[in-house]
Structures are given as C-alpha cells and as structure tokens.
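These numbers come from the heavy atoms of this one structure, side chains and all, not from hydrogens, waters or symmetry mates. Note that this is a predicted model, so its numbers are computed, not measured.
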Amino acid sequence: MNLFADLLAATQGSSAQGGGGAAVGMAAASPSSVVTQAGPRIQKSRRGVEIKSAREIGIMRRSSRIVATVLRELLELAAPGMTTADLDRHAERRIRELGATPSFKGYHGFPASICASINNEVVHGIPSSKRGIREGDLLKIDTGAYFEGYHGDSCVSLCVGASSDDACRLSRVAQESLMQGLAKVKAGNTLLDIAGAVQDHVEAHGYSVVEDYTGHGVGRNLHEEPSVFNFRTKDLPNVKLRPGMTLAVEPILNGGSKHCRTLRDRWTVVTVDGSLSAQWEHTIAVTSDGCEILTDRDF
C-alpha cells in the first residue's frame, strides 16, 4: 500500500476530506470550505504538483514554525509517567494558542492532534490516557498545524530516559537518513535522488525502509502530489524537483523487517516482527540550489 495513492483515491470523484495517515473515505468537503471546529477541511487538490508562490511559502514558514515550536516543547515535556494523551492535550492547546488549527484532528476521523507511536508502533498511534510513557521507550511524535490556509507537518523520535543502545541508534540513523535525503534536494534533481540517499544510508546500518508509507507534497492540503518515497522504485513517478515545490520528507525505519500491519483500531500501524521503528520528518521548500527546512526546530 502506498499512502499517497490511497489518499488520492479518497479525494477523487465527488471529493473528500484529506487525511493524516491511513486513508479512510469521508464526506465531501466543499472547495470553498476552509476550517471547521474539528479541523481544517481539505480542498480538492489541483491536478499535478503544486508550485508555491513566495507569498504561499511565507505562510507555510509560519505554519511550520508553529509545528516546530510545539514539537520542541513536546520533546522537553515527554517523560516517564506521562501519558500520550497528556502530550496531545499540550499540543492542541499550544497549536491553537499560536493561532493555528491542528491538522490531524478530525482528519479522516483521526481523534487527536498528534500521532504518538511507541516502540514497535510505526505510525498513527492514537494518544490515550491509558498509554503511559515508560523509561526506555522509543517515542515518535508527529503533528501538523493549519495556519491561514496552509499546513506544516513534522515528526520527531525521542528515546525516553535511559533507552537501549539499539533504540537510540535506530533513531539516530533515521534522523541521519532524513538529512542525507535533504542533501539531495535541489532544482533539477529527482525524487529518486532523495530516495537513493535515504535507502543507502539506512541499509548501510543494517535497517530496513518502510515502503507502505511515504512522504508527500504539502501545502493547502495536508497530503498533495507527489509521493515522496524513501526507497528505489519504478512504481511511483520520479518527479523532477522545481523551485517552489513544498514537500514533507519522512523516512520511516524498522530495526527488523520492513513489513507492517494495522491494528483493529484501523489507525495504529506496527511492525510485523515486533522490532522497533523510528521516524523523522521535515516540511521543506525546494530552492534552485537546495532546500529550506521550514520545520527546523533550531531557532
């Protein structure tokens, strides 16, 4: 399964509301609708890859700065004894205080403002007051903010307290693979340049790249074309990068098999072999000679 292909299928035809995670069809959203109390309504995407104007990228800097601010706070806040619902409440409150709307909440029915995935959970973990964070956990926090019509999207991994060397190494390699991929971003290069850099770094360290889920274009919709894959493939369009493209690049690594399965809640994805999983993600804007990391937390 490919994430973007599923989302695209869900939004074609009569139209649908976009989604943060596994695609689940929803009621149509009017193209003129922008925000509801539950979350942003996703407009029908224009065909093809959207090139953003300087004005649009300027707005995305602000939505992405909100995401970066909230993630930075969550990294400092997360500790043994807290629950993932505690983190979700903080994220939603802060996103709204900063003038934005949580991108994920209500997205294809997703009930929270963050995805909180622990240890062998790959993506789309639902925050819960019953899910405590424990010493040694490998915690993934993914969130988005919708500000003045545009989304920012980012994910971090955190080794909580005294984590194992294996967990910390997996997270470090995942973050490195993201930066290796971003180093290949510039006008004239292609998505395969990014994917090859990610895959080579991951496999050189003995890990596997999850192929069921990919990065994506991002902007007025949380998920836009193209699918930003992290592995070499001929099955997805190898788009040439152009200035003004805005992408969410997000390698997902497993410590064992690349294969995943979805739990009965229809959201939480786990590794089939119980191995650990790590993810890092940035929203970026392509430039003529590189990229601008819009969700950079170093500010």
Side-chain angles (χ1 to χ4, degrees), residues 1-26 28-35 39-64 67 100-104 106-108 110 115 123 142-155 181-182 185 187 190-191 194-195 213-230 236-251 281-287 291-295:
M1 177 179 68
N2 172 260
L3 173 62
F4 182 75
D6 286 350
L7 289 165
L8 184 60
T11 56
Q12 287 177 334
S14 62
S15 86
Q17 187 170 356
V24 179
M26 292 191 68
S30 167
S32 62
S33 298
V34 178
V35 176
R41 288 192 178 276
I42 306 305
Q43 301 177 21
K44 276 188 174 181
S45 180
R46 293 181 295 185
R47 296 180 64 181
V49 177
E50 294 192 10
I51 302 299
K52 308 302 190 298
S53 68
R55 181 193 66 84
E56 291 174 305
I57 292 174
I59 298 173
M60 289 188 66
R61 284 192 190 98
R62 297 175 69 183
S63 63
S64 296
V67 171
T101 302
S103 295
F104 294 1
Y107 189 49
H108 282 306
F110 190 76
C115 297
V123 289
D142 191 357
T143 195
Y146 185 71
F147 178 79
E148 294 187 357
Y150 292 84
H151 295 272
D153 185 11
S154 186
C155 179
L182 296 187
V185 176
T190 69
L191 293 177
I194 300 173
Y213 300 91
T214 73
H216 49 90
V218 60
R220 289 183 296 175
N221 296 289
L222 185 56
H223 292 88
E224 300 180 347
E225 294 187 55
S227 178
V228 184
F229 43 92
N230 301 299
L236 295 168
N238 183 26
V239 175
K240 182 178 287 189
L241 303 178
R242 297 167 55 194
M245 292 174 62
T246 49
L247 308 172
V249 183
E250 49 181 318
E281 174 188 18
H282 272 310
T283 293
I284 65 159
V286 179
T287 65
C291 71
E292 178 182 353
I293 301 176
L294 301 179
T295 49

Could you tell me whether Lys52 and Glu224 have a side-chain N and a carboxylate O separated by less than 4.0 Å?
yes
Tell me, with the steps shown, if Glu50 and Glu225 meet side-chain contact (heavy atoms from CB on, under 4.5 Å).
CA-CA 8 Å; Glu50 294 192 10; Glu225 294 187 55; over 6 Å; no
Tell me, do Ile194 and Leu241 make a side-chain contact under 4.5 Å, heavy atoms counted?
yes
Are Thr190 and Asn238 linked by a side-chain donor-acceptor pair shorter than 3.5 Å?
yes
Point-to-point distance, once rounded to the nearest 0.5 Å, from CD1 of Ile57 to CE of Met245:
11.0 Å
Residues His151, Ser63; criterion side-chain hydrogen bond (donor to acceptor under 3.5 Å, both in side chains); working and verdict:
CA-CA 6 Å; His151 295 272; Ser63 63; over 6 Å; no
Any idea which heavy atoms bring Phe147 and Ile59 closest together, and the distance?
O-CG2, 3.4 Å
State whether a side-chain donor-acceptor pair under 3.5 Å links Thr283 with Ser64.
no
To the nearest 0.5 Å, what is the distance between CD on Glu148 and CE on Met60?
13.0 Å
Within the structure provided, determine whether Pro226 and Leu191 are in side-chain contact (heavy-atom separation under 4.5 Å).
yes
Do Asp142 and Val123 touch side chain to side chain, with heavy atoms closer than 4.5 Å?
no
For Ala195, give me all partners under side-chain contact (heavy atoms from CB on, under 4.5 Å), at least two apart in sequence or on another chain.
Phe229
Qualifying residues under side chain to side chain donor-acceptor pair (under 3.5 Å), relative to Thr295, sequence neighbours excluded:
His282
Identified side chain to side chain contact (heavy atoms under 4.5 Å, CB included) partner of Leu247 from the options Val49, Val218, Val286:
Val286
Closest approach of Val67 and Gly152, non-hydrogen atoms and distance?
CG2-O, 3.4 Å
Asp153 CG to Thr246 OG1 distance, which is reported to the nearest 0.5 Å:
11.0 Å
Side-chain H-bond candidate by donor/acceptor type, His216 with Glu250, under 3.5 Å
yes
Residue pair Arg220 / Tyr146: nearest heavy atoms and the distance that separates them
O-CE1, 4.0 Å
Measure the shortest side-chain to side-chain distance between Thr214 and Ser227 over non-hydrogen atoms and say whether it is less than 4.5 angstrom.
yes
Under the criterion side-chain contact (heavy atoms from CB on, under 4.5 Å), I'd like the reasoning laid out for Leu182 against Ile284: C-alpha separation, chi angles, the key distance, then a yes or no.
CA-CA 9 Å; Leu182 296 187; Ile284 65 159; 3.9 Å; yes
